[in-house]
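Shown next, in structure tokens, is the structure this report addresses.
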Amino acid sequence: MVTFSHIPLYRTLTFKVAMALIVFFIFNGVVLVLWNQSDVMQDLETDIQTVYRNTAFEISEALQNSKTDQNNLSVFFDSLAQFYPGMELFLVNPKGEILEHGSYVPSQLINQSVPIEAIELFLNADSSDYPIEMPIPTATDLDFVFSAAPLGSPDNPDAYILVTLVEGGEDVYISWWEEYGAILTRTVLFSIIIAVLAGILFWYFLTRRVQRVAQAVQNYRAGDSRIVLNDNSSDEIGHVAMHIGDMMERIDAMFNELGKKEKMRTELLASVSHELQTPLTVMQGNIETLVEHREKMSEADLSQKLGAVYTQVRHMSALIDDLFDVAILETGQMRINTEPFPMVELVEDVLQSYTLLLDQAKLVVERNFPETIQTVNADPLRIRQVIRNLLSNAIKFSSPGGRIRITTEVSSNEILTFRIEDTGVGIAEEDISKIFESFYRSNQQLHKTVKGTGLGLHICQHILKLHNSNLEVRSRLDIGTTFSFDLDLYKEVVTI
Ligand SMILES: Nc1ncnc2c1ncn2[C@@H]1O[C@H](COP(=O)(O)OP(=O)(O)O)[C@@H](O)[C@H]1O
Ligand SMILES: [Mg+2]
């Protein structure tokens, strides 16, 4: 396992960025220098050639006017060179062979000839064609500009005067390399300094912070969530840190939640087996009596025992129904089938089935139904289930002499509101948000006597959610509780 905080330096982002900067700056510097080099040299050569364009012609004229003979040519060249220090003077025949050579600074011929085409090109060119270069006969490997002029008839010259700036040219090269070499060196130094500074900043503002986040994650993974992510800045890393911190909190909360759920499930399993055990024991006793003493029993005894068995069977079946509903809603498989039905009729029907229980509990039901028929568009079976559970809760959590008021009212043209109010024990404020959770039961002291699983409201809320509705509750301890929900009214489609 590679741990983030122990990445070797050369593999960090900081190092890579610094290296990239160094390469970038050096490359930039070299490109700039080379670019300038060609431009500067070309401009320089063009200037020199333009300035010295006529020098060869002046010399050629001087030579023709002085009528110097062949033997004195060498002396003439040396004396001319005094006037043009820094230049090399050559006399070249039409084949390009050097006949005579003179310069102020003593120099040796390295090549005995020059390319005559370059001279002819120069004579026919104008300054826009410059620079025109040729290899300098007194220097190795140096092409440079020159000036030239014909001797004798311009169309068919006897020879040419050739003037070059070899010494100066070499100097230009050397000084140029000195200058740009220094620029290159400075570029390299500068880029290293920039890269190091950038690296330090990068490390300080990024790598170090990312490492801290990684460290916190690592510690968290190792089970130590004490290291808090304290990167509160608003940039990307701050955001990442914030989200990771959030995530850690959520994971912790989820684990807590899971732990609680798990505990509840275990408790439920215990309570379910207990709840199943009780009716089973009762049924077993009754059935045993029925099997063994059937003949001796009176008709009244017989029906009493059968009635007791029946009650227990109903109770078990209701419990199993609830468990089944929770199973399908938790796996998202619960579906509803909506159809129009009259709401009040359904409520009356449910009330009818609870008559006995209501009487036993000595509770009065107050009906607050309108005269008109209210047809809703919902799943009648599921809505019946909701009303049954709300009513049975109202009965379970009320004391004898209490009152249950059921209201259905049309709050707008499209919505019907169902409300059931009781005068029972009420729900503590801190419990209200939890009663819809599965397996949750408050009123702990009551539960010793009141049967239930804590599944009813969870299922009801889910059924109403499937109807795009919501089960709402208002309650005050010892005063009473009101549950209410809305349903869509059925809009009759008028056909003509
Ligand atoms: N009308 C009510 N009055 C007081 N408490 C209620 C009422 N309805 C529900 N509760 C509380 O909400 C809890 C959850 O209800 P429910 O999900 O129907 O489960 P159960 O009826 O099995 O206890 C009940 O245990 C009870 O504490
Ligand atoms: Mg219930």
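All ligand and atom numbering here is 1-based and tracks the order in the structure.
Thr375 approaches Leu489 most closely through the heavy-atom pair O-CD2, 3.3 Å. In terms of heavy-atom proximity, Gln49 sits nearest to Pro131 at OE1-CA, 3.2 Å.
Taking only nitrogen or oxygen atoms, main chain and side chain alike, Gly454 reaches within less than 3.5 Å of ligand 1. At under 3.5 Å, a nitrogen or oxygen of Lys396, whether backbone or side chain, sits near a nitrogen or oxygen of ligand 1. Looking at ligand 1, you won't find any N or O of Phe483 less than 3.5 Å from one of its N or O atoms. Checked against a 3.5 angstrom limit, the closest N/O atoms of Ile427 and ligand 1 fall outside it.
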ask   = Yes or no on side chain to side chain contact (heavy atoms under 4.5 Å, CB included) for Val376 and Phe341, after CA distance, side-chain angles and deciding distance?
value = CA-CA 6 Å; Val376 292; Phe341 63 87; 3.5 Å; yes
task = Could you please spell out the steps behind the side chain to side chain contact (heavy atoms under 4.5 Å, CB included) verdict for Phe15 and Thr207?
result = CA-CA 10 Å; Phe15 186 79; Thr207 308; over 6 Å; no
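When heavy-atom distances to ligand 1 are checked against a 4.0 Å cut-off, Leu390 has no atom that comes that close, whether in backbone or side chain. Of all the heavy atoms of Leu457, the ones lying under 4.0 Å from any atom of ligand 1 are found in both the backbone and the side chain. Counting heavy atoms closer than 4.0 Å to ligand 1, residue Asp422 contributes side-chain atoms (C-beta onward) but none from N, CA, C or O.
Salt-bridge annotation for Lys396 and Asp422: absent, with no side-chain N of the basic residue lying under 4.0 Å from a carboxylate O of the acidic one.
Atom 8 (N) of ligand 1 has its nearest heavy-atom neighbour, among Ile432, Ile420, Asn393, in Asn393.
A donor-acceptor distance shorter than 3.5 angstrom exists from the side chain of Thr423 to the backbone of Arg403, with no hydrogens or angles considered. A donor-acceptor pair under 3.5 Å links the side-chain atoms of Arg209 to the main chain of Phe205, judged by distance alone.
By the 6.0 Å contact criterion, CG on Leu258 is enclosed, its count of non-hydrogen atoms from other residues, nucleotides or ligands being greater than 12.
Side-chain atoms of Gln385 and Asp321 include no donor-acceptor pair closer than 3.5 Å. For the 3.5 Å distance criterion, the side chains of Asp486 and Thr417 qualify, holding a donor opposite an acceptor.
The count of protein N, O or S atoms under 2.8 Å from the Mg ion (ligand 2) stands at 2, with waters excluded from the count.
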